[in-house]
S.K.: 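Handing you this structure, nothing more for now.
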Amino acid sequence: MYDILSASGIIDLIKQIEPKATRLPNVGCNYNLPGSTTQHYHTDYDFSRGFMIANVAVVDTIIANGAMEAAPGTHKKYLPYWRFVTEHAGRNSLRVEMKQGDVMVRTSSMWHRGMPNMTQVARPMLAMTWEDGGSQLSDPWMKEGGAIKFFPNWFRPTTVGRIRERITVAAPIIYSSYRFASSLFGNKGK
Ligand SMILES: O=C(O)CCC(=O)C(=O)O
Ligand SMILES: [Fe+2]
């Protein structure tokens, strides 16, 4: 996949937009499971350390299997969550549907959220990411010895993490309120 992105000029495009993306990317996948629920709006990293992302649709990605919702333009200035909410920065948000093989090039600083997968089949989406310039490994594909490894996403698979996740799914407003309040004091922009 990297070779294809390279041959089609997409890696060059990413380096042109973000010259700090000098190394090979970290390689991962967003695996949207059946029965998932709407994620909270977020950015993927601290604003001051924003990095480039190439998401490749490995299957057709539509509303039904959880095409991401993105808020265009929200990467341009640092927005704590409370500002994102009070400035209605997500008002022009759109669902990014992709055909198999489509590539979405974005910055980690653009606000977005994963959406419910209402189908019976998991929806993978490849993610090549250039955190702090790219992977520290000479061969990023040999991470975990080249094996596939599943990682939890936002909530930890511990008792406390599971309780937090259940509360968020049942009453998202509780988690949003917590994030709104903590963003008044923090300065990370996630
Ligand atoms: O899987 C997706 O569509 C997006 C998920 C996402 O934004 C995340 O986990 O950070
Ligand atoms: Fe994300």
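Each ligand, and each atom within it, is numbered from 1 in the order the structure gives. Any value given below was found using the heavy atoms of this structure, including those in side chains, with hydrogens, waters and symmetry copies removed. Along the sequence shown, residues are numbered consecutively beginning with 1.
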S.K.: Before signing off on this row, confirm whether H112 and ligand 1 have an N or O atom pair separated by under 3.5 Å.
M.R.: yes

S.K.: What orientation do Y31 and F150 show, parallel under 30°, tilted 30 to 60°, or perpendicular over 60°?
M.R.: perpendicular

S.K.: For atom 10 (O) of ligand 1, what is the closest protein heavy atom, and at what distance to 0.1 Å?
M.R.: H42 NE2, 3.0 Å

S.K.: What is the distance from atom CZ of R113 to atom CE of M68, rounded to the nearest 0.5 Å?
M.R.: 12.0 Å

S.K.: Please verify the inter-ring angle class for F155 with H40; under 30° counts as parallel, over 60° as perpendicular, anything in between as tilted.
M.R.: perpendicular

S.K.: Report, as a single number, the protein N, O or S atoms less than 2.8 Å from the Fe ion (ligand 2).
M.R.: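 Under the 2.8 Å cut-off, the count stands at 3.
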
S.K.: Below a 4.0 angstrom heavy-atom separation, can you tell me which part of N32, side chain or backbone, both or neither, approaches ligand 1?
M.R.: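 Contact part for N32 vs ligand 1: neither.
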
S.K.: Hey, which atoms in ligand 1 end up nearer than 4.0 Å to a heavy atom of R123?
M.R.: 1 (O), 2 (C), 3 (O)

S.K.: From E87 CD over to L79 CG, what is the distance, rounded to the nearest 0.5 angstrom?
M.R.: 6.0 Å

S.K.: Students often mix this up, so state it plainly: with edges at 30° and 60°, are the rings of Y45 and F51 parallel, tilted or perpendicular?
M.R.: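 Answer is perpendicular, since the angle exceeds 60°.
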
S.K.: Looking at CG of N153 and CG of N30, how far apart are the two atoms once the value is rounded to the nearest 0.5 Å?
M.R.: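 Reported to 0.5 Å precision, the distance equals 7.0 Å.
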
S.K.: Non-hydrogen atoms of Q39 versus ligand 1: any pair closer than 4.0 Å?
M.R.: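 Distance cut 4.0 Å: Q39 passes for ligand 1.
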
S.K.: Stepwise, does the side chain to side chain contact (heavy atoms under 4.5 Å, CB included) test hold for T86 with F180?
M.R.: CA-CA 10 Å; T86 56; F180 188 96; 4.1 Å; yes

S.K.: Is there a path of hydrophobic side-chain contacts, each under 4.5 Å between heavy atoms of I, L, V, M, F, W or Y residues, that connects L184 with Y41?
M.R.: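 Yes, one cluster joins them.
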
S.K.: Any atoms of ligand 1 less than 4.0 Å from a non-hydrogen atom of M68? List them with their elements.
M.R.: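 In order of number, 3 (O), 4 (C).
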
S.K.: Please check if the number of heavy atoms outside K76 that lie under 6.0 Å from its NZ is greater than 12.
M.R.: no

S.K.: Can you sort out which atoms of ligand 1 are near D44, meaning under 4.0 Å from one of its heavy atoms?
M.R.: 10 (O)

S.K.: Note the single closest protein heavy atom to atom 9 (O) of ligand 1, along with its residue, its atom name and the distance in Å.
M.R.: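 Of the protein heavy atoms, N153 ND2, 2.8 Å lies nearest.
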
S.K.: Report the relative orientation of the aromatic rings in Y178 and Y175; use parallel for angles under 30°, tilted for 30 to 60°, perpendicular for over 60°.
M.R.: tilted

